[in-house]
Amino acid sequence: MEPRNLTEITEFLLLGLSEEPEVQPLIFYLFLSMYLITMLGNLLIILAVSSDPHLHTPMYFFLSNLSFVDICFTSTTIPKMLLNIQIHSKAIIYEGCITQMFFFILFVVLDILILTVMAYDRYVAICHPLHYTVIMNPRLCGLLLLVSWVIGALDSLLEILMVLSLSFCAHVEIPHFFCELNQVVHLACSKTFLTDLVMYLSAVLLGIGPLTGILYSYSKIISSVHRISSAQGKYKAFSTCASHLSVVSLFYGTSLGVYLSSAVTENSQHTTIASVMYTVVTPMLNPFIYSLRNKDIKGALTSLLGKKQ
């Protein structure tokens, strides 16, 4: 069969987590519940930070932006999945698939970069406490956030332009619940060497690079905490990093698990189910991790909810 030009492709088919009709209602209500919890939890974090003057610090500024990105991240994929289940359809139009991939890549990169910036913030706070307010000034915080958005947008645009250069055959079934970049590229009939190269280079630079920065920051933090003489001082210093470290471990642990599992198994359904961990579960758990392990957030949430009663 001759490959058709990409402009002739009108839609892709999302096979989802399962094709069993009796399982669809369970998947619908499960994902709807997780989506609503994610939205509510992250919105509460944003409202708590914005309403409490004591939380108008770099650490919580980045946390509220992380919550905003997590809301956008899940909103890129879950509503379309829920809609398709509700109307008994697997289709997503070509333009919708491209748009979904663009924003998915954008918000994944933003998640990674904001977590990296938060690690740097903790490094400055613990290793250079006397200069913290000077170094982490509002101008630098805004600049770091802006650079993160620019890098995310440029990377997303580059990868989408590479996809737009591909031609597809008639077989356009995506074994996933959203338009995952790697899955879409593998459906192409034309050569994908350059697209694969850009995709893997991007994964290395924007995955391993920030992770190296996070690990370096925490190596310095651990070294600095180790020099504190009192046990109470050590606990107080490291407790400010506990929530962030938990979120980083959860995000990288689940995402690396997905890609390692996809490398060792050809079962796309197992990979799809595993990807739920970092695309849905991690953004849902982030607000709980910060609210349960952080007394400032707990205090702000208590105050916020108290005002609304």
Side-chain angles (χ1 to χ4, degrees), residues 42-43 45-73 103 105-158 202 204-225 227-228 236-249 251-252 283 286-287 289-291 293-297 299-300:
N42 284 290
L43 279 173
I45 292 290
I46 294 171
L47 289 173
V49 171
S50 61
S51 64
D52 192 336
H54 296 99
L55 300 184
H56 293 175
T57 63
M59 176 182 174
Y60 297 110
F61 168 74
F62 293 122
L63 173 59
S64 61
N65 277 278
L66 180 68
S67 292
F68 173 74
V69 169
D70 280 341
I71 289 173
C72 297
F73 185 30
F103 284 107
I105 297 167
L106 170 64
F107 293 124
V108 167
V109 173
L110 275 171
D111 242 335
I112 292 169
L113 294 179
I114 290 176
L115 286 173
T116 307
V117 170
M118 291 174 77
Y120 175 70
D121 172 73
R122 292 300 83 206
Y123 157 73
V124 176
I126 293 174
C127 298
H128 304 284
L130 298 178
H131 301 96
Y132 178 72
T133 55
V134 176
I135 297 173
M136 299 302 296
N137 58 73
R139 186 169 178 270
L140 178 64
C141 293
L143 183 61
L144 289 172
L145 186 64
L146 176 62
V147 169
S148 298
W149 274 92
V150 170
I151 292 174
L154 290 176
D155 175 68
S156 186
L157 182 61
L158 174 62
S202 173
V204 170
L205 292 175
L206 295 173
I208 297 176
L211 179 59
T212 303
I214 292 172
L215 293 175
Y216 176 78
S217 294
Y218 273 101
S219 69
K220 292 293 186 181
I221 288 170
I222 292 169
S223 176
S224 181
V225 169
R227 289 196 295 268
I228 299 175
K236 185 178 179 180
F238 201 72
S239 64
T240 64
C241 306
S243 298
H244 176 259
L245 195 56
S246 300
V247 170
V248 169
S249 301
F251 180 82
Y252 273 98
N286 285 354
I289 292 172
Y290 271 100
S291 60
R293 299 182 66 94
N294 190 301
K295 64 179 182 180
D296 293 331
I297 290 291

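Quick note: residue numbers are just sequence positions, from 1.
- By the 4.5 Å heavy-atom criterion applied to side chains, Val124 and His131 are not counted as neighbours.
- Scanning for side-chain hydrogen bond (donor to acceptor under 3.5 Å, both in side chains) contacts around His54 gives Asp52, with sequence neighbours left out.
- Of all the heavy atoms in Ser67 and Ile45, the pair that sits closest is OG-CG2, 3.3 Å.
- The shortest side-chain heavy-atom distance between Tyr132 and Asp121 falls under the 4.5 Å cut-off.
- At least one side-chain heavy atom of Cys241 sits less than 4.5 Å from a side-chain heavy atom of Ile221.
- Judged as a side-chain contact (heavy atoms from CB on, under 4.5 Å), and not counting sequence neighbours, the contacts of Cys141 are Pro58, Phe61, Phe62, Met136.
- Remark: Ser224 pairs with Ile126, Cys127, Arg227 by the side-chain contact (heavy atoms from CB on, under 4.5 Å) rule, at least two apart or across chains.
- With sequence neighbours excluded, no residue forms a side-chain hydrogen bond (donor to acceptor under 3.5 Å, both in side chains) with Ser148.
- With a 4.5 Å cut-off on side-chain heavy atoms, Leu66 and Leu115 count as touching.
- For Phe68, the side-chain contact (heavy atoms from CB on, under 4.5 Å) partners at least two apart in sequence or on another chain are Ile46, Cys72, Trp149.
- For the pair Leu206/Ile151, a side-chain contact is recorded, criterion being any heavy-atom separation below 4.5 Å from C-beta on.
- Between Tyr252 and Pro210 there is a side-chain heavy-atom pair separated by less than 4.5 Å.
- For the side chain to side chain donor-acceptor pair (under 3.5 Å) condition, the pairs that include at least one residue of residues 204-221, sequence neighbours left out, are Tyr218-His244.
- With sequence neighbours left out, Tyr120 forms a side-chain hydrogen bond (donor to acceptor under 3.5 Å, both in side chains) with no residue at all.
- Under the side-chain contact (heavy atoms from CB on, under 4.5 Å) criterion, Val134 pairs with no residue at all, not counting sequence neighbours.
- Judged purely by atom type and a 3.5 angstrom limit, Ser249 uses its side chain to pair as donor or acceptor with the backbone of Leu245.
- Taking each heavy atom of Met118 and Met59 in turn, the nearest pair found is CE-O, 4.3 Å.
- By the ring pair (Phe, Tyr, Trp, His ring centres under 6.0 Å) test, Phe73 pairs with Phe104, sequence neighbours left out.
- Scored by the side-chain hydrogen bond (donor to acceptor under 3.5 Å, both in side chains) test, Asp70 finds Asn286 as partners (sequence neighbours excluded).
- Residues Leu63 and Ile297 form a side-chain contact, since some pair of their non-hydrogen atoms from C-beta on lies under 4.5 Å apart.
- Using a 4.5 Å cut-off on side-chain heavy atoms (C-beta onward), Val109 and Ile112 make no contact.
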